[in-house]
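A short write-up of the structure that comes next.
As a basis for the values below, the full set of heavy atoms in this structure was taken, side chains included, without hydrogen atoms, waters or symmetry mates.
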Protein chains: 2
Amino acid sequence: MNKKQQILLAATQSFSRYGYKATTMDRVSKIAQVGKGTIYLHFANKEELLKEIIKELAAQMRLAADQEINKHATFIDRFEAALYGILQFQERHELIIKLSDELKDFRTPIVKKVLADFEQEICLYIEEKVEKAIQKQEIKPCDPKLTAFLMYKTYIHLVNDWKENHQPLSREQVVYLIRFYFLEGLKPAAYQA
Amino acid sequence: MNKKQQILLAATQSFSRYGYKATTMDRVSKIAQVGKGTIYLHFANKEELLKEIIKELAAQMRLAADQEINKHATFIDRFEAALYGILQFQERHELIIKLSDELKDFRTPIVKKVLADFEQEICLYIEEKVEKAIQKQEIKPCDPKLTAFLMYKTYIHLVNDWKENHQPLSREQVVYLIRFYFLEGLKPAAYQA
DNA sequence: CTTATGACCAGAATAGTTTTTTGGTCATTT
DNA sequence: AAATGACCAAAAAACTATTCTGGTCATAAG
């Protein structure tokens, strides 16, 4: 029964473990215990299969963040809560990390496009929240698109890039640091006046 | 006469225009109007030639930044001035940009290493300045290494990555934005108390 | 004797060719 | 109507032949 779910699960597994290129449709059908032709009853092609998985992942992250957000009143608390919500997805992130690594080794245009879409999806989400916060005067006026872009990139740097040459940061540290740099700023209180 | 300078100039030119891989030692010797063997009297090999060029570039940037810094009294002014100083290097940056692009297309370990060294060089420089500023209590206490890392990355994002999908930012905008996000923070004045 | 050179060579990169793999189809089965 | 897997064209990989290039060094110039 529900063959489509089996296929999605199998594909997610294989993409996460072996990457896009090294995942064959044959293998997916084997893992899903489904005829290869069956995959094509549900997905137009390999690219669409990956796209759908990523789309679902983005939707789930959005949902997780929104749920956390609703528990808090002030922007700063909501901001931290949303970050926590997203950071819970550790295993799900593995797919994204695997695809990012793949992009460094091979030049697979499909993977590049899918990841770019994912990035834009997340940035748009952050952008929405930033816009609302500006309207409510919970943060200073700023370019929401640019702010979202920098927040996302900073998040990636703290979670992924920093650990390449240094001790990796804990979830708590990441949340603290983003709050510290984006909300508080480095200027000491004495200078504020 | 001063053959070493001729070689450095020729190599810089060719590396900037064609990248590391596509620059042949033959071509460098031709441009420098020097026998190929002569290059090897001054540089151990192709890698060392690039390294030396990058090292000099880093030193020049450091000097430019320091000179600007000395003209200003407060950390914020010095910070902006140093950024301006570095941003003046437009043409010099072309070498770095070319090498960065090359890294995306081919997997040349030497280029990767050289660029990583360059990045670390700049981060170390920023780190020094941040440390001093903390000591003088011109900015809040923070991890200097991490702060330098984020500042550098943010700078690169604003100057390079942002323009891939958006209108490029002017020098003035970049300086303003780094100041805005790193020093001021998004938290509005009302929240400060 | 010191400095400079470019013909030369081994190994790397590239181009060309053959073989294998794989995304996607569709006639057949369930 | 839903599912399958043998099948095929096209892409990737493996292999080979050819060209290119970093680095050397015997020789030349100063």
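Contact annotation: B:Lys3 reaches the phosphate of C:dT5 (side-chain N/O to OP1 or OP2, under 4.0 Å). Contact annotation: A:Lys21 reaches the phosphate of D:dA13 (side-chain N/O to OP1 or OP2, under 4.0 Å).
Atom CD1 of A:Ile7 is separated from atom C1' of D:dT4 by 12 Å (rounded to the nearest Å). Rounded to a whole Å, the CD1 atom of B:Ile39 is 18 Å from the P atom of C:dT3. Across the protein-nucleic acid pair, A:Lys30 atom NZ and C:dT22 atom P stand 11 Å apart, rounded to whole Å. Note: CG (A:Leu49) to P (C:dG23) measures 11 Å, nearest angstrom. The separation between B:Arg27 atom CZ and C:dG6 atom P is 18 Å, rounded to whole Å. In this structure, B:Tyr20 places its OH atom 12 Å from C1' of D:dT21, rounding to the nearest Å. If you take NZ of B:Lys4 and P of C:dA4, they are 13 Å apart, rounded to a whole angstrom. Remark: P of C:dT5 and CD of B:Gln33 are 10 Å apart, rounded to the nearest angstrom.
Of the candidates A:Met25, A:Lys4, A:Lys46, A:Met25 is the only one forming a side chain to side chain contact (heavy atoms under 4.5 Å, CB included) with A:Ile39.
Listed by chain and residue number, B:Ser16, B:Ile53 satisfy the side chain to side chain contact (heavy atoms under 4.5 Å, CB included) test with B:Thr12 (two or more places apart in sequence, or in another chain). Residues meeting the side chain to side chain contact (heavy atoms under 4.5 Å, CB included) test with B:His72, sequence neighbours left out: B:Asp77, B:Arg78, B:Ala81. Every residue meeting the side chain to side chain contact (heavy atoms under 4.5 Å, CB included) condition with B:Lys113, not counting sequence neighbours, appears here in chain and number order: B:Glu47, B:Lys51.
Of the two residues contacting DNA chain C, namely B:Leu41 and B:Phe106, the nearest-nucleotide position lying further toward the 5' end is that of B:Leu41.
Side chain of A:Lys140 to backbone of B:Gly185: a donor-acceptor contact under 3.5 angstrom is found.
Within the structure, ring pair (Phe, Tyr, Trp, His ring centres under 6.0 Å) contacts touching residues 17-66 of chain A (residues at least two apart or in different chains) are A:Phe15-A:Tyr20. A side chain to side chain donor-acceptor pair (under 3.5 Å) check over residues 141-152 of chain A, counting only residues at least two apart or in different chains, returns the pairs A:Glu127-A:Lys145, A:Thr147-B:Tyr181.
Contacts of B:Thr108 with the nucleic acid, taken as non-hydrogen atoms under 4.0 Å apart, are absent.
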| request: Encode nucleotides 23-30 of chain D as B, S and - characters from 5' to 3', where the letter depends on protein heavy atoms closer than 4.0 Å: B to the base, S only to sugar-phosphate, - to neither. | output: BB------

